[in-house]
Protein chains: 2
Amino acid sequence: MARGSKKLNPVDGGRGGGEEAARPSASQPSDPRPSESRPSESRGEWTYHRLREAIQAGELKPGERIREIEMAKRLEVSRTPVREALRRLEADGLLTFVPYRGMVIAELDHQAVMELYQMREVLEGTAAGLAARHASEAEITLIRDLIAADPGDGDPKALATHNRQFHGTLYRAAHNRYLLKTLNVLSDAMALLGMTTLSLTGRSGTARQEHEEILSAIEARDQARAEQAARHHIREAQRARLRLMFDGDRADTPQD
Amino acid sequence: MARGSKKLNPVDGGRGGGEEAARPSASQPSDPRPSESRPSESRGEWTYHRLREAIQAGELKPGERIREIEMAKRLEVSRTPVREALRRLEADGLLTFVPYRGMVIAELDHQAVMELYQMREVLEGTAAGLAARHASEAEITLIRDLIAADPGDGDPKALATHNRQFHGTLYRAAHNRYLLKTLNVLSDAMALLGMTTLSLTGRSGTARQEHEEILSAIEARDQARAEQAARHHIREAQRARLRLMFDGDRADTPQD
DNA sequence: TCGTCCCGGATTGTATACAAAGAATTGAGA
DNA sequence: TCTCAATTCTTTGTATACAATCCGGGACGA
């Protein structure tokens, strides 16, 4: 039943939040889930978000198997909403369905990672370019404020969150729902690779400069420059990622 | 259960299939499972494809409501697989969920159409550019043959099919799964607009020239030119679409 | 006449029972 | 000890019952 309205942007969109009052108690005689914050969200929706967060947070790692029953028990819902969530995550590319074995957290091989960055370079560039054309002053201000609030080389978690905020704001500033949706999906897939490259390669300072470069071009309403700046940013991120992956090949392999 | 393996490309072009290839009617409480020619895709999968085709074919028009029970009865399956199919179509952007009213075939407003074409221009250009770099000789030959097999100004249905084949082949030739998936989704969304612009604006001849221009650039392995040619192609299609929409505003409005 | 309240119908959300089919295990035989 | 086969286990696919909620219409009162 009550299922929050969903449009093309599944991520958030910063709706005023309030929502309709939403009746306090859940429907079932004995609502199992810890009195979480979303009374009006359907179980399917809720499960979807929970699993997504778990993947983002790295609690569920690539290759790991997900059993419907186990998950249902763990989240204290029935299989039905779990199935719905799994299907949606599969559509997002975060899960892979293996016949007769069920869902598995997607594993990205080298080729997939290359394709992912290639795609992101194009779309991130497009987003920045469009933002230069279409962003409202308020949106530009928001981006500026976000960059100013950069947490610097501190908590990797905060760094990742901040980075996500910056890019998410940039995506929205492009004012293209399809672009927004696609970039969000790509970002999610990136999470499968583990922690951001920022905190792992000491790139946070450089990244901030690159962010400022993008902002600068947007402020100047220079579409071409914004696109190039964004593409450069992603290429640098890719370089860092590749270094990380090759290092990892040496370091991680023996482990386990 | 048996659910055919699904990869990152749920769409692809392999739909050469015949209309109603008989649903996997097997497995009813008393059915010896007639050895179908396939591992028999699951009902959910089957339902998904059927609904998708129905939308593509225009049997289900934008704004139309889809009731789970009605659909289940019509396709002779239970609500469960129907629900799965509906969720997937929603993820593809072909359906919109309206709280307390269920699924509705997505309607694209003017803004959405603009965004769609904007996005397609970027990605189609990217695909052509990548194809120029990565397409195998076999793939290039396939594209060449397809263009040669252009049905010309005849049956609109054949024209649409051929056009889809050409573009689908181009997408695959880019060798990027994320790009492929996204372009397929965008193409599907286009189907919501109704028949191709080709058959409705007498653009088929021009389109063929544009296709040849793209091919030429790919054969020459000229990435930049391929990208530009593809972008030009989409821009022209967009122009045709806009003309059509404005004409439609005058002609269709009174109807109904 | 208009507004409000209430009830029945319609439709989705959720849980659960059952079926099917690969996967794993265990046993016997060579 | 190894191989093969039968049996059991595990897990998903499907159907269906039930619960909850919104929507529409109609009766009632102001």
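Chain naming here is simple, since letters A, B, ... match the order of the sequence lines and numbering starts at 1 in each. All figures in this text were calculated on a predicted structure; none of them were measured in a lab.
In this structure, the side chains of B:Ile105 and B:Lys61 stay at 4.5 Å or more apart for every pair of heavy atoms. Inter-residue side-chain proximity for A:Leu75 and A:Trp46 is flagged as met; some heavy-atom pair is nearer than 4.5 Å. Side chains of A:Glu139 and A:Thr169 form no contact here, defined as non-hydrogen atoms less than 4.5 Å apart.
The separation between B:Arg101 atom CZ and C:dT11 atom P is 11 Å, rounded to whole Å. Across the protein-nucleic acid pair, A:Glu70 atom CD and D:dT10 atom C1' stand 12 Å apart, rounded to whole Å. Atoms NZ (A:Lys73) and C1' (C:dA15) sit 15 Å apart, rounded to a whole Å. The distance from atom CZ of A:Arg87 to atom P of D:dT12 is 9 Å, rounded to the nearest whole Å. Protein atom CD of B:Glu84 is 17 Å distant from nucleotide atom C1' of C:dT14, rounded to whole Å. In this structure, A:Ile69 atom CD1 and C:dT16 atom P are separated by 12 Å, rounded to whole Å. Counting to the nearest Å, the C1' atom of C:dA24 and the CZ atom of A:Arg67 are 13 Å from each other. When the P atom of C:dT16 is taken as reference, atom CZ of B:Arg83 falls 16 Å away, rounded to whole Å.
Using a 4.0 Å cut-off, no side-chain N or O of B:Thr80 falls inside it from OP1 or OP2 of D:dT14. Checking the phosphate oxygens (OP1, OP2) of D:dG13, no side-chain nitrogen or oxygen of B:Arg43 falls inside 4.0 Å. Between B:Ser78 and D:dT14 there is no side-chain N or O to OP1 or OP2 distance below 4.0 Å.
Of the listed nucleotides (D:dA15, C:dT14, C:dT16), D:dA15 has the atom at the smallest distance from the side chain of B:Val77.
Within a 6.0 Å sphere centred on CZ of A:Arg74, heavy atoms belonging to other residues, nucleotides or ligands number 12 at most.
When each of A:Pro81 and B:Gly102 is assigned the nucleotide of DNA chain C with its nearest heavy atom, B:Gly102 is the one assigned upstream, toward the 5' end.
In the model, A:Gln111 has no side-chain atom that pairs as donor or acceptor with a side-chain atom of B:His175 under 3.5 Å. With no hydrogens or angles considered, a side-chain donor-acceptor pair links B:Glu124 and B:His167 at under 3.5 Å.
The existence of a salt bridge linking A:Asp92 and B:Arg88 is excluded, since no basic side-chain nitrogen approaches an acidic carboxylate oxygen closer than 4.0 Å.
DNA chain D is contacted by no residue of residues 59-66 of chain B, taking any non-hydrogen atom closer than 4.0 Å.
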